[in-house]
Amino acid sequence: MEKNQVFEGIIKNLQELDVVQSDISMLELAIYQKKIENLKEEKLHEIRQYFEQQSQYFNQNSYDYQDEIDKNVEQYKVQIDKLINVYDKLYVRTFKIMQNSINNQKISISNIITLTRKIKEENLPEKDIQNYEKIINACAQKKLNYSVIINECKARIKWCIENVQKDIKDVFVGKTTELKVYKENVFNKIKEKILNLIFGKVRFQRVLDEYETEYIKSLKAKNNSRVLGVIIVIEGIEKQFEQVKEQISNIYNEATQS
């Protein structure tokens, strides 16, 4: 009776651990998503500030150009979303691989408990005991082998969280630092102000046009390079997981059939 209680306690602990791990995973995912969403909003705010400041510099009302500004901001947003989405795919795919590995560990532990109970509680022939012990050892080894995948997945998720923020900051550099400045000279200030009163509309329109034709084009090329890099990482992880999973299965089969 005491042995049964021990086994039942272990199984109950595994079930409770499953709930705790699920809660932790959901919390970590929520934190990750919140960080990225905040960073995205910060970048979108920066670009709107850039257009607002440029319009003021050229003596223009940004409201009169709202459609063009919105169009540029939307193209900017599309590129941010493209980068975030591919990192989300990496995060989710890696998490699923990790969860699959954890589940396989739980199955191994459950099998160990079941077979150990059989050996201790049932009057088995020596040959069956030896076979069960062989399977128990193989299950224990399988659990250890899946730990390698789990640790790799944790490292990849950490890399994902850190790198998506780094890439967003590197690719989507705020243009507020590119505002036109004139020499700290009274004559130049007056001259620039007069020119903007006369040609401000043309100058600001040029800013909007060049942003779309030059900056967005350059941004897309740089962003596509980062996106492709993440896609390669995803494909590499999936390929590596399938290979390691097959190796673990082969090791288990060899151990139980030898």
Could you pull out the closest heavy-atom pair between C139 and N111, with the gap in Å?
SG-CB, 3.9 Å

Under 6.0 Å from the ring centre and within 45 degrees of the ring axis: does the NZ or CZ of K142 meet both conditions for the six-membered ring of Y252?
yes

Would a 4.5 Å heavy-atom cut-off, applied to side chains only, mark Y50 and V207 as touching?
yes

At what distance, to the nearest 0.5 angstrom, does CD1 of I102 lie from CD1 of I107?
12.5 Å

Exercise: identify the closest heavy-atom pair between I168 and I84
CD1-CG1, 3.9 Å

Evaluate D81 against K40 for salt bridge (Lys or Arg N to Asp or Glu O under 4.0 Å), listing each step before the verdict.
CA-CA 8 Å; D81 287 339; K40 172 184 169 182; 2.8 Å; yes

Any chance you could lay out the side-chain contact (heavy atoms from CB on, under 4.5 Å) test for N100 and F241, step after step, and finish with the verdict?
CA-CA 10 Å; N100 178 280; F241 171 66; 3.6 Å; yes

Please examine the side chains of Y76 and Y215, heavy atoms only from C-beta on, and report whether any two atoms are closer than 4.5 Å.
yes

Just by distance, no angles: are the side chains of Q247 and Q243 close enough, under 3.5 Å, to form a donor-acceptor pair?
no

Could you pull out the closest heavy-atom pair between K143 and Q105, with the gap in Å?
O-NE2, 2.8 Å

Any heavy-atom pair between the side chains of R156 and V233 that's under 4.5 Å?
yes

Give me the one residue out of L39, N38, L44 that meets side-chain contact (heavy atoms from CB on, under 4.5 Å) with E42.
L39

Could you check whether atom CD of E74 has more than 12 heavy atoms from other residues, nucleotides or ligands sitting under 6.0 Å from it?
yes

Less than 4.5 Å apart, side chain to side chain, heavy atoms only: is that true for Q49 and Q53?
yes

CA sep, side-chain torsions, deciding dist, call: Q56, E52, side chain to side chain donor-acceptor pair (under 3.5 Å)
CA-CA 6 Å; Q56 291 175 10; E52 183 62 35; 3.2 Å; yes

Treat each ILVMFWY residue as a node, draw an edge where side-chain heavy atoms are under 4.5 Å apart, and state whether F172 and V78 are in one component.
no

Assess whether salt bridge (Lys or Arg N to Asp or Glu O under 4.0 Å) is satisfied between E242 and K245, documenting all intermediate values.
CA-CA 5 Å; E242 292 302 325; K245 190 176 178 181; 5.4 Å; no

Quick one: pull up OG in S55 and CG in D64 and give me the separation to the nearest 0.5 Å.
9.5 Å

Any L208 side-chain heavy atom under 4.5 Å of Q205 side chain:
yes

Passes salt bridge (Lys or Arg N to Asp or Glu O under 4.0 Å), K71 versus D67? Steps please.
CA-CA 6 Å; K71 181 182 176 183; D67 288 345; over 6 Å; no

Of the non-hydrogen atoms in I234 and V86, which two are nearest, and what is the gap between them?
CD1-O, 3.7 Å

Hey, are the side chains of Q60 and R203 touching, using non-hydrogen atoms and a 4.5 Å cut-off?
no

Tell me, with the steps shown, if Q141 and N145 meet side-chain contact (heavy atoms from CB on, under 4.5 Å).
CA-CA 6 Å; Q141 185 60 52; N145 290 339; 3.0 Å; yes

Members sharing L228's hydrophobic cluster (side chains within less than 4.5 Å)
I232

Distance, nearest 0.5 Å, that separates CD1 of I112 from CG of N137
8.5 Å

Assert yes or no for the condition that the ring centre distance of F51 to Y211 is strictly below 6.0 Å.
yes

Output a table of donor-acceptor pairs, distance under 3.5 Å, between side-chain atoms of residues 88-96 and any protein atom two or more places apart or on a different chain; print 'none' if there are none.
unit_1, atom_1, unit_2, atom_2, d
D88, OD1, Y32, OH, 3.0
R93, NE, E238, OE2, 2.9
T94, OG1, L90, O, 2.7

Using 30° and 60° as the class boundaries, would you call the ring planes of W159 and Y87 parallel, tilted or perpendicular?
tilted

Nearest 0.5 Å please: distance from the CG atom of D70 over to the CZ atom of R48.
4.5 Å

Have E254 and N250 got a donor and an acceptor in their side chains that come within less than 3.5 Å?
no

So, S101 side chain and I97 main chain: donor-acceptor pair closer than 3.5 Å or not?
yes

One should read off an interatomic distance between Y132 OH and T116 OG1, to the nearest 0.5 angstrom, of 11.5 Å

What's the spacing between I136 CD1 and I129 CD1 if we round to 0.5 Å?
10.0 Å

Using residues 216-227 as the side-chain source, report each donor-acceptor pair under 3.5 Å to any protein atom, sequence neighbours left out, with the distance given to one decimal.
unit_1, atom_1, unit_2, atom_2, d
K222, NZ, D170, O, 3.1
N223, ND2, Q79, O, 2.9
N223, ND2, Q79, OE1, 3.0
N224, OD1, K82, NZ, 2.5
N224, ND2, K220, O, 3.2
R226, NH1, D167, OD1, 2.6

